[in-house]
Amino acid sequence: MTSAQDFSHRLLQWFDNHGRKNLPWQQPATPYRVWLSEIMLQQTQVVTVIPYFQKFTERFPDINTLANAEVDEVLQYWAGLGYYARGRNLHKAAQIIQSKYQGELPANFDALVDLPGVGRSTAGAILALAFKKHYPILDGNVKRVLARHTAEPRWPGEKQAEIDMWQLAEELLPKQRINDYIQAQMDLGATLCTRSKPRCQACPLQSDCQAFQLGTPTEYPIKKPKKAVPHREIRWLVYAAKGQLLLEKRPSQGIWGGLWSFPEMPIDNEISHLLSKNDIIRFQNLPDIQHAFTHYKLTISPIYIELDNPVFGVADNDKQCWVKMDDIAALGLPAPTKTLVQQLARGF
DNA sequence: AAAACGGGGGA
DNA sequence: TCCCCAGTTTT
């Protein structure tokens with residue numbers, strides 16, 4: 001027995017004991033009902049879909065009834081399911097099926113994929129579940145099962161990884177019971193091989209599951225690599241005089257809105273003119289501060305400028321004030337500002 | 001708050 | 001052809 005046959009054999013055996021065989025769209029599994037259920041099941045769980053499916057099929061028992069209805073009524077029956085583009089596409093597809101295929105879903109991959117709302121995986125599910133044709137599916141559940149079984153090192157969103165997973169899904173297809181096998185794949189992913197807390201003890205694929213052998217099934221599929229966040233640099237002017245610091249209130253819009261911080265300027269701004277002031281006692285670079293936001297990384301280069309007197313108008317801004325070190329704690333400060341003030345208080 | 005999700009649609 | 005988005009749920 002080849003490994004592929006063994007894989008499907010174990011899955012089918014598990015399906016016989018634990019699979020879902022009494023879902024509303026499985027009795028009977030007509031092409032229309034399978035199609036409708038697959039659309040409803042996109043991004044929506046079985047328990048949520050069931051009552052909608054029942055109401056929907058009562059009102060729209062076949063494709064022609066659906067095609068002849070107003071889209072608004074279709075959407076009323078969709079209300080609460082979310083992703084309403086699915087409902088619109090479903091209705092549009094029904095009209096295409098009516099006019100182009102005499103109201104019967106085509107048992108043909110290319111024709112199915114051409115329908116709005118039907119992609120490769122949904123077409124595969126319809127062909128396998130309703131027409132018993134040998135097509136694979138690769139939805140989120142199956143991706144998870146396969147990624148774990150092979151300990152797939154690449155993120156499945158990566159082009160080549162996805163191509164390879166489709167190929168594997170195809171190679172694993174059994175010669176017999178294609179519909180049960182596809183249902184079994186979905187059931188395994190939904191009930192056993194779940195995203196968190198997979199029940200590997202009960203899994204028929206445990207013996208050769210690479211992720212299980214590594215002891216880290218939940219590490220798969222590996223997460224989308226987060227793209228490098230943009231990096232920005234700014235300069236802070238830390239004016240100090242007689243135990244006071246010059247702070248300014250930040251604009252209410254934007255980062256740290258309305259909080260007090262140091263006067264800020266672009267990193268590449270000329271600063272030599274600041275040096276020429278004759279009331280400057282000391283002028284020195286302070287260590288850079290790194291700050292991470294969710295969407296970018298910020299490097300702050302503060303310059304310490306000590307004056308003999310707390311004069312105004314040193315920076316070009318009217319929302320500034322001199323604050324005694326001891327009074328600063330009462331103000332709302334961004335985290336890096338607070339840290340810098342504390343370092344200054346300790347004299348670094 | 002962040003990732004996941006299947007297909008649509010734009011580059 | 002490839003990549004990213006819209007809209008929603010789950011972790």
Q) In whole Å, what is the span from the CE atom of A:M40 to the C1' atom of B:dG7? A) 17 Å
(Q) I need the CG-C1' distance between A:N89 and B:dG7, as an integer number of Å. (A) 8 Å
**Q.** Spacing between A:E158 atom CD and C:dT1 atom C1', to the nearest angstrom
**A.** 16 Å
(Q) Both A:G157 and A:T48 contact DNA chain C. Taking the nearest nucleotide for each, which residue is further toward the 5' end? (A) A:G157
Q: Would you check if there is a donor-acceptor pair between the side chains of A:Q42 and A:E38 at a distance under 3.5 Å?
A: no
Q. Under 4.0 Å between a side-chain N or O of A:T122 and OP1 or OP2 of B:dG7?
A. yes
(Q) Expressed as a whole number of angstroms, how long is the span from A:D114:CG to B:dG8:P? (A) 10 Å
**Q.** Separation of C:dG7 P from A:R88 CZ (nearest whole Å)
**A.** 10 Å
Q) For A:Y84 and A:S196, take the nucleotide of DNA chain C holding the closest heavy atom to each; which residue's nucleotide lies nearer the 5' end? A) A:Y84
Q.
When you compare the side chains of A:D139 and A:Q185, does any donor N or O come within less than 3.5 Å of an acceptor on the partner?
A. no
**Q.** Any A:K159 side-chain N or O less than 4.0 Å from OP1/OP2 of C:dC2
**A.** yes
Q. NA contact type, A:R86, heavy-atom cut-off 4.0 Å: base, sugar-phosphate, or nothing?
A. nothing
Q: Using atom OH of A:Y83 as one end and atom C1' of B:dG6 as the other, report the distance to the nearest whole Å.
A: 10 Å
Q) For B:dG8, what is the paired nucleotide under Watson-Crick or G-U wobble rules, both distances under 3.5 Å? A) C:dC4
Q.
Between A:N179 and A:Q183, do the side chains contain a donor N or O and an acceptor N or O under 3.5 Å apart?
A. no
(Q) Measure CG/A:L81 against C1'/B:dG6 and give the value in whole Å, please. (A) 16 Å
**Q.** Gap between atoms NZ and P, on A:K223 and B:dA4 respectively (whole Å)
**A.** 8 Å
Q: May I ask you to decide if the ring planes of A:W236 and A:F262 are parallel, tilted or perpendicular, using 30° and 60° as cut-offs?
A: tilted
(Q) Does A:Q43 reach a base, just sugar-phosphate, or nothing at all? Heavy atoms under 4.0 Å. (A) base
(Q) The side chain of A:Q45 is closest to which nucleotide in this list: C:dT10, B:dA4, C:dT11? (A) C:dT10
Q | Ring centers of A:F60, A:F56 separated by less than 6.0 Å | A | yes
Q. If you check every side-chain atom of A:Q42, which of B:dG7, B:dG8, C:dT11 has the closest atom?
A. B:dG7
